[in-house]
Protein chains: 2
Amino acid sequence: MLSRREQDTYQVVRDFITHHSHAPLLNEIAAGLGIQSKGTVHRYVRAIARAGLIELIPGRHRGMRLCHPPPAESTSLPLLGRIAAGQPIEAIPDQEEIDLSEFFMGPNRFVLKVQGDSMIDAGILDGDMVIIKQGQRADNGDIVVALLDNEEATLKYLQHNRDDSITLRPANTALRPITYAASRVRIQGIVVGQMRSYQSVSSR
Amino acid sequence: MLSRREQDTYQVVRDFITHHSHAPLLNEIAAGLGIQSKGTVHRYVRAIARAGLIELIPGRHRGMRLCHPPPAESTSLPLLGRIAAGQPIEAIPDQEEIDLSEFFMGPNRFVLKVQGDSMIDAGILDGDMVIIKQGQRADNGDIVVALLDNEEATLKYLQHNRDDSITLRPANTALRPITYAASRVRIQGIVVGQMRSYQSVSSR
DNA sequence: TTGAAAGTTCTCTAAAAGTTCTCTATTATG
DNA sequence: CATAATAGAGAACTTTTAGAGAACTTTCAA
């Protein structure tokens with residue numbers, strides 16, 4: 001556990017290395033911390049080394065290396081802006097970040113891999129992953145996982161009709177909506193997210 | 001068994017750690033509890049430690065650790081199976097898990113929010129997020145972020161032609177592919193992922 | 001080779017934080 | 001009503017943290 005100034009020191013060292021691509025002198029660290037004593041800096045540096053964050057090469061000038069710590073599995077990416085055909089990328093101020101777990105995670109969720117093109121016009125293609133939130137409650141227009149006669153599962157737009165029947169509507173002009181008695185349909189969950197990877201296995 | 005104020009103290013400590021990612025000083029706990037005496041706080045803290053909820057490092061400033069740290073925000077969801085219209089969900093054996101960060105994360109990536117329907121037939125709709133891997137290299141058929149004349153940015157299928165020109169092909173039958181001299185087109189990155197959230201603001 | 005600059009090891013100081021007390025209320029509880 | 005448990009204040013003390021700087025050794029480049 002590093003003290004406040006030790007953490008400051010670690011930050012200064014890292015900043016320095018990223019900017020200069022070599023390690024700082026003790027005096028340079030001291031300047032970065034706004035203090036005078038290189039003896040004090042040396043004490044901090046040794047504490048950081050003991051914590052395993054850097055490696056020291058004793059005696060040498062600039063004798064330290066970063067021990068790349070566990071690459072803290074981050075889950076957010078910068079949201080750079082909006083892209084619309086025919087316009088420059090509209091930058092979003094304040095360097096927004098988008099967090100994948102916030103985007104998709106939640107209780108009682110699971111993922112299904114989609115096979116087939118029945119929802120293609122809703123932008124859900126063969127091979128896509130859909131994130132499902134478990135639950136029976138769904139509103140008209142939600143995309144749901146519906147179980148028919150406790151046998152067939154299907155991914156469709158949901159529509160409750162006035163006569164208590166249920167229409168499952170595919171998003172594919174080649175397929176037709178079908179209406180069922182409510183008793184035959186069990187909603188297993190609603191689609192809360194969708195994702196697709198374009199990374200081919202070959203190209204890493 | 002903790003008394004009321006001891007439980008309060010535990011809560012204050014946990015809140016502090018989640019917000020600051022380091023432990024509080026006794027005085028900071030006291031402020032959180034609305035009391036003055038750090039001696040009293042110390043008594044509470046020791047009681048919490050005796051109950052096994054925190055670990056104390058005697059003497060040290062901020063010398064305490066949670067024994068049951070909050071389960072680090074997981075980023076994986078169970079992949080239950082494949083869903084194809086008209087068939088039962090095909091269960092995947094071995095309870096596979098899909099990790100969002102593995103799916104999307106990587107170096108030099110960023111996110112853009114798509115505006116417009118130019119890639120609608122590729123399942124990329126207005127409002128979707130696309131994950132871009134920065135880089136000039138792209139193969140035919142990749143979806144790329146292309147900068148035209150250093151001005152317009154656009155999301156299109158890429159096609160290198162034999163005569164060294166470049167065709168950018170939208171995925172929308174209402175739009176036509178356009179061919180440019182290679183010098184006018186700069187590839188800024190290729191689409192490696194796409195995601196969409198169906199969670200309306202209202203229904204959480 | 002040599003000397004300035006850099007690293008290392010100390011000791012010292014002061015402020016801040018942790019630790020241990022005692023004292024005083026207040027509130028349950030048998 | 002006596003007693004114990006809870007809650008808080010605060011004094012006194014110890015230890016850690018933060019920094020300065022001297023003295024010494026080593027590195028490194030001219």
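Lettering of chains follows the sequences in order, A, B, ..., and the numbering in each one begins at 1.
Under the 3.5 Å distance criterion, the side-chain polar atoms of A:Arg109 are matched with a main-chain donor or acceptor of A:Phe104.
For the segment residues 50-66 of chain B, the set of residues with a heavy atom within less than 4.0 Å of an atom of DNA chain D comprises B:Gly59, B:Arg60, B:His61, in numerical order. Within residues 24-46 of chain B, the residues approached by DNA chain D to less than 4.0 Å at the level of any non-hydrogen atom are B:Ile35, B:Gln36, B:Ser37, B:Gly39, B:Thr40, B:Arg43, B:Tyr44, in residue-number order.
Atom CG of B:Leu2 and atom C1' of D:dA7 are 15 Å apart (whole Å). Protein atom CG of B:Asp8 is 12 Å distant from nucleotide atom C1' of D:dT6, rounded to whole Å.
A:Asn161 and A:Thr167 share a side-chain donor-acceptor pair at under 3.5 Å. Of the N and O atoms on the side chains of B:Gln136 and B:Gln188, not one donor lies less than 3.5 Å from an acceptor on the other residue. In summary, the side chains of A:Arg46 and A:Tyr44 do not present any donor paired with an acceptor at a separation below 3.5 Å, with no hydrogens or angles considered.
No more than 12 heavy atoms of other residues, nucleotides or ligands lie within 6.0 Å of CE in A:Met1, so this atom counts as exposed by the packing criterion. The local environment of NE2 in B:His19 is sparse, with at most 12 non-hydrogen atoms from other residues, nucleotides or ligands closer than 6.0 Å.
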Using a cut-off of under 3.5 Å, enumerate the N/O to N/O pairs linking the protein to nucleotides 28-30 of chain C.
none

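In this structure, OG1 on A:Thr18 lies 8.0 Å from CZ on A:Arg14, to the nearest 0.5 angstrom.
A search for side-chain hydrogen bond (donor to acceptor under 3.5 Å, both in side chains) contacts involving A:Glu28 returns A:Arg62, not counting sequence neighbours. For the salt bridge (Lys or Arg N to Asp or Glu O under 4.0 Å) test, no residue two or more places apart in sequence or in another chain qualifies with A:Arg50.
Closest approach of B:Lys156 to B:Met119, counting heavy atoms only: CA-SD, 3.9 Å.
Place A:Arg4 and B:Arg5 on DNA chain D by their nearest nucleotides, and B:Arg5 ends up nearer the 5' end.
Axis angle across the helix from C:dT1-D:dA30 to C:dG30-D:dC1, with five pairs used at each end and values rounded to 10°: 30°.
Considering A:Ile190, A:Leu158, A:Ile132, A:Val191 in turn, A:Val191 is the only one that fulfils the side chain to side chain contact (heavy atoms under 4.5 Å, CB included) rule with A:Ile143. The one candidate from B:Leu100, B:Asp99, B:Ile98 that meets the side chain to side chain contact (heavy atoms under 4.5 Å, CB included) condition with B:Glu102 is B:Asp99.
B:Phe16 and B:His20 have parallel rings, their planes meeting at less than 30° on a 0 to 90° scale where 60° marks the start of perpendicular.
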